[in-house]
Amino acid sequence: MECARCGNVSKRYFAVYRGKTVCRRCIGFTGDDASIEIHTEPVNVYLPFKLTPVQKQASAAICEAIKTTDVLVNAVCGAGKTELVFATISLYLSQSKTVGLAIARRQVVLQLAKRLAAAFPSLSVQAICEGHTSILSAQLFIVTTHQLYRFNQAFDCLILDEPDAFPYAGDALLEGFARKACRGKRIYLTATPDRNLRRQVEKGTMVEICVNRRPHGYPLPEPKIICVPYFIQLILLFRWIKRIDGRKLVFAPTIRKAALLAKFLRIPYVSARSADLEVRIAAFIANPNSTLITTTVLERGVTFENAQVCVLDAQHKVFSQASLIQIAGRAGRSPAYPSGEVLFLCSKRTRNVRACLKTLVRANKDV
């Protein structure tokens, strides 16, 4: 027996309720199924900029590879991963096929829905995530991975953005939703592919397409690493905030440390529990010389112009290699400010800290 929604095959999760067999692993996900409207006309893409030659080459390679196999788009932070699949989206929809984009985090869903609505003005584009579940009919959906249960065998192409991110990574339930939602091919977009994706590439069940250059052509910011005791880190952080111009993102390993640091420095902070998360992010964006303390909630999927990055307690276990790479990727993304500063403050050079630096240095050499 297999659950049609989440793919569960474990007998311990099945139960009989009112004469019907139900899956207890996904029974808590309630709500109507979404309805995909089939598009029957050619679909054009409208971008406010031109793709670089590297992006065009990668975009064409994705269109070709997806005809026969799943695709891993391994592109550095800021390479324009989403724009690389616009041609594939256009191709599928022009052939009256269905496409969906699934993302782990709600904030990124809402941001990406606006970008896709602008790029595909002839389509009805709908975001489905917490607080946005009333409209369930559209031609193109951008959803959190939690909402994929509404799309049983619905997509000819499912694009999974940052599949290595929490909470999707390693969650068998969410991975099951993604597997059951797609009846065709899948595209994975990430700068930090995990072991599972690498294994599929090695087995030949997936094609990997790499992009190691940002559109502006500048190298990725490589972190400066300083190893000192924690109280010295605080002094260096204070001096760094005073010295650096532009928007400053300070990453703390836990909500408790973020809150204490915010109180000590009299600077706002955000975390996944912040009720006013979007308001504080908007205020950060509005002030070109502001500082914001954050947990890993802002480690990926967001772009701030002229952002400089500092990580406090970079040796903490919450900062994995992938997490540190993503955090460093918040700097230097804008063509107007392509060389942002990244500072790692730590009590020791952990394997993750060293691996992050090594990966970024190698990526800059491979362009």
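The first residue in the sequence is number 1, and the count goes up from there.
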*asked:* I'd like to know if the side chain of Gln147 pairs up with that of Thr133 as donor and acceptor (distance under 3.5 Å, no hydrogens or angles considered).
replied: no

*Is any side-chain N of the basic residue among Arg105 and Glu162 closer than 4.0 Å to the acidic one's carboxylate O?*
no

_Side-chain donor-acceptor contact under 3.5 Å, Glu41 with Ser122_ = no

_Using 0.5 Å steps for rounding, measure from the CD1 atom of Ile293 to the CZ atom of Phe284._
11.0 Å

_Ignoring hydrogens and geometry beyond distance, is a side-chain donor-acceptor pair present between Thr359 and Gln321 at under 3.5 Å?_
yes

_Could you check whether any side-chain heavy atom of Asp70 comes within less than 4.5 Å of a side-chain heavy atom of Thr205, counting everything from C-beta outward?_
no

*Mark yes when over 12 heavy atoms from residues, nucleotides or ligands other than Phe264 sit less than 6.0 Å from its CZ; otherwise mark no.*
no

*Arg243, CZ atom: more than 12 neighbouring heavy atoms under 6.0 Å*: yes

_Working note: Phe155 + Leu101, criterion side-chain contact (heavy atoms from CB on, under 4.5 Å); need CA distance, chi angles, decisive distance, verdict._
CA-CA 10 Å; Phe155 298 120; Leu101 289 90; over 6 Å; no

*Do you see a donor-acceptor pair shorter than 3.5 Å between the side chains of Thr303 and Arg333?*
yes

*Assess the pair Phe29 and Phe177: is the distance between their ring centroids shorter than 6.0 Å?*
yes

_Ring centroid separation Phe251 to Phe319 under 6.0 Å_ = no

_Can a side-chain donor-acceptor contact be found between Asn212 and Lys365 if the only test is distance below 3.5 angstrom?_
no

_Residues Arg300, Asp164: salt bridge by 4.0 Å N-O rule_ = yes

_Hphob cluster co-occupancy, Leu234 + Phe238, side-chain heavy atoms under 4.5 angstrom_ = yes

_Looking at Ile135, I want to see if its CD1 is surrounded by more than 12 non-hydrogen atoms of other residues, nucleotides or ligands under 6.0 Å._
no

*Taking the side chain from Gln153 and the backbone from Lys180, do they hold a donor-acceptor pair closer than 3.5 Å?*
yes

_Ionic contact status for Glu83 with Arg115, cut-off 4.0 Å_ = yes

*Check His316, Gln315, Lys317 against Asp313 for a side chain to side chain donor-acceptor pair (under 3.5 Å) and give me the one that passes.*
Gln315

*Decide, yes or no, whether a salt bridge links Asp156 with Lys185 under the criterion of side-chain N to carboxylate O below 4.0 Å.*
no

_Heavy-atom neighbours of Gln57 CD exceed 12 at 6.0 Å_ = no

